[in-house]
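Since the model is a prediction, treat every value here as computed from it, not as a measurement. We're numbering straight along the sequence, starting at 1.
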Amino acid sequence: MPAAGEYHPAFEEYCECIFELREDDIDVIQARIAERLSVSRPAVSEMIKRMEAEGLVAVDDGIKLTAKGRQLGERTVRRHRLAERFLTDVLKLSWAEAHHEAGKWEHVMSESVEQAMDDLLGNPTTCPHGNPIPGSDYEQGDFSALSSVEVGGNFTVERITEELEFEPGLLEFLEESEIQPGNAGTVVASSPDGTLTVTIGERHVGVGAFASERILVTV
């Protein structure tokens, strides 16, 4: 059972999901939540009713977190992204494995462990994929989608948006291809279907339209 002042992991999961959908400017409707969490729409409908009764969401023009729901969502996202940073930087896990494990850690991490992890990591501002850690000193840069870079244009990867972390096999592909925050590349070709060919490191990599629209870069 959750301790006093704590919420069931399912509430944390949903608040986290809604927070991240808003973060990526995706309309928060039941269908999007169902897709992200791989649950049925009736299950989402029932959970949203429970969350509304708990004062965590308001349902009007879409689904919105209340102040209480946003606080819970931010806390869960913060713990997830700190855990990812610890798991990759300290334990040297792969992106995909760290993402999976952090999904468990976010629900059991205490405030003291969260603080100790933050201190150990040197107060990071982003997760390994460049997404901001709530409560950090993160400053939003002037980012563009990789898809907007013209052939011959140079770019530096800044952020792999959260939406891409839920695409099967994509984190593994991006890490293996060195499409990671801080790495520089060049767009060398563009296909009619929106696929870009980029050079990054010593690799030539094809990046589909779905991913290139959601990888944020500076040019």
Side-chain angles (χ1 to χ4, degrees), residues 1-85 98-115 117-118 123-141 143 145 158-167 171 213-214 216:
M1 291 291 290
E6 296 293 313
Y7 286 92
H8 191 280
F11 287 129
E12 295 179 338
E13 198 82 35
Y14 272 74
C15 285
E16 176 185 33
C17 176
I18 294 166
F19 178 92
E20 289 175 343
L21 289 171
R22 289 273 180 198
E23 184 179 56
D24 287 344
D25 293 322
I26 299 169
D27 290 337
V28 183
I29 58 175
Q30 291 189 11
R32 297 292 83 74
I33 296 173
E35 288 171 4
R36 176 66 60 91
L37 298 180
S38 299
V39 295
S40 69
R41 292 196 193 183
V44 173
S45 179
E46 181 60 33
M47 178 58 79
I48 294 300
K49 288 177 185 174
R50 290 175 59 193
M51 292 176 72
E52 199 172 10
E54 287 280 345
L56 295 171
V57 299
V59 181
D60 187 8
D61 181 21
I63 300 165
K64 297 177 181 174
L65 295 172
T66 62
K68 187 162 70 168
R70 183 173 179 82
Q71 184 179 33
L72 181 59
E74 284 185 347
R75 187 185 74 184
T76 309
V77 170
R78 173 176 169 79
R79 290 177 177 179
H80 181 98
R81 293 179 182 172
L82 276 174
E84 283 185 319
R85 179 61 76 183
H99 177 68
H100 176 72
E101 288 297 324
K104 304 172 188 175
W105 287 32
E106 67 192 30
H107 300 301
V108 297
M109 191 184 298
S110 68
E111 208 169 301
S112 60
V113 169
E114 174 191 328
Q115 185 60 55
M117 191 175 288
D118 191 38
N123 313 116
T125 59
T126 70
C127 75
H129 320 113
N131 293 306
I133 294 174
S136 72
D137 293 329
Y138 177 82
E139 293 184 10
Q140 175 68 50
F143 302 157
E158 299 291 344
R159 185 172 169 186
I160 309 298
T161 56
E162 196 73 34
E163 193 173 2
L164 296 181
E165 297 188 35
F166 291 87
E167 287 296 307
L171 281 183
E213 289 166 5
R214 292 162 177 80
L216 302 184

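The shortest non-hydrogen separation linking Ala102 to Ala83 is CB-CB, 3.8 Å. Here the shortest heavy-atom pairing between Pro124 and Ser136 reads O-CB, 3.5 Å. Closest heavy-atom contact between Ala58 and Thr66: N-CG2, 4.0 Å. Nearest heavy atom pair, residue Gly55 against residue Lys68, reads O-CE, 3.7 Å.
Here CE of Met51 is found 3.5 Å from SG of Cys15. Values are rounded to the nearest 0.5 Å. The CD1 atom of Ile33 sits 4.5 Å away from atom CD1 of Ile18, with the distance rounded to the nearest 0.5 Å. The NE2 atom of His129 lies 9.0 Å from the CZ atom of Arg85; values are rounded to the nearest 0.5 Å. For the atom pair Phe11 CZ and Leu56 CG, the distance stands at 6.5 Å (nearest 0.5 Å).
Considering only residues two or more places apart in sequence or on other chains, His99 meets the ring pair (Phe, Tyr, Trp, His ring centres under 6.0 Å) condition with His80, Phe166. Not counting sequence neighbours, the partners of Ser110 by the side-chain contact (heavy atoms from CB on, under 4.5 Å) test are Ser112, Val113. With sequence neighbours excluded, no residue forms a salt bridge (Lys or Arg N to Asp or Glu O under 4.0 Å) with Glu158. Looking at residues two or more places apart in sequence or on another chain, you find no side chain to side chain donor-acceptor pair (under 3.5 Å) involving Glu167. Considering only residues two or more places apart in sequence or on other chains, Glu213 meets the side chain to side chain donor-acceptor pair (under 3.5 Å) condition with none of them. Partners of Arg81 according to the salt bridge (Lys or Arg N to Asp or Glu O under 4.0 Å) rule, which considers only residues two or more places apart in sequence or in another chain, are Glu20, Glu23, Glu162. Listed by chain and number, the residues in a side-chain contact (heavy atoms from CB on, under 4.5 Å) with Ala31 are Ile29, Arg41 (sequence neighbours excluded). Among residues two or more places apart in sequence or in another chain, the salt bridge (Lys or Arg N to Asp or Glu O under 4.0 Å) test is passed with Lys104 by Glu101. Every residue meeting the side chain to side chain donor-acceptor pair (under 3.5 Å) condition with Arg159, not counting sequence neighbours, appears here in chain and number order: Asn131. Looking at residues two or more places apart in sequence or on another chain, you find no side chain to side chain donor-acceptor pair (under 3.5 Å) involving Glu52. Qualifying salt bridge (Lys or Arg N to Asp or Glu O under 4.0 Å) partners for Arg78, counting only residues two or more places apart in sequence or in other chains: Glu114, Asp118.
For Asn123, the CG atom counts as densely surrounded, since its 6.0 Å shell holds more than 12 non-hydrogen atoms of other residues, nucleotides or ligands. Few gaps surround CD on Gln140; more than 12 heavy atoms of other groups in view lie less than 6.0 Å from it. For Arg70, the CZ atom counts as loosely surrounded, since its 6.0 Å shell holds 12 or fewer non-hydrogen atoms of other residues, nucleotides or ligands.
Two residues are said to be in side-chain contact when any heavy atoms from C-beta on lie closer than 4.5 Å; Ile133 and Thr125 fail this criterion. For the pair Glu163/Arg36, a side-chain contact is recorded, criterion being any heavy-atom separation below 4.5 Å from C-beta on. Side-chain contact between Val44 and Met47 is absent, with no heavy atoms from C-beta onward closer than 4.5 Å.
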Exercise for review: Just do the side chain to side chain contact (heavy atoms under 4.5 Å, CB included) check on Glu16 and Glu106 with the steps written out, would you?
Suggested key: CA-CA 10 Å; Glu16 176 185 33; Glu106 67 192 30; 2.8 Å; yes
Practice item. Take Tyr14 and Ile63 through the side chain to side chain contact (heavy atoms under 4.5 Å, CB included) test and state the conclusion after the steps. Key: CA-CA 11 Å; Tyr14 272 74; Ile63 300 165; over 6 Å; no
Practice item. Could you go through the side chain to side chain contact (heavy atoms under 4.5 Å, CB included) check for Trp105 and Arg79 one step at a time? Key: CA-CA 8 Å; Trp105 287 32; Arg79 290 177 177 179; over 6 Å; no
Practice item. Go through the steps for Glu46 and Arg50 under the test side chain to side chain contact (heavy atoms under 4.5 Å, CB included), then give the verdict. Key: CA-CA 6 Å; Glu46 181 60 33; Arg50 290 175 59 193; 4.1 Å; yes
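At distances below 3.5 Å, not a single donor-acceptor pair connects side-chain atoms of Thr126 with backbone N or O atoms of Pro132. Between the Arg214 side chain and the Leu164 main chain, no donor and acceptor come within less than 3.5 Å of each other.
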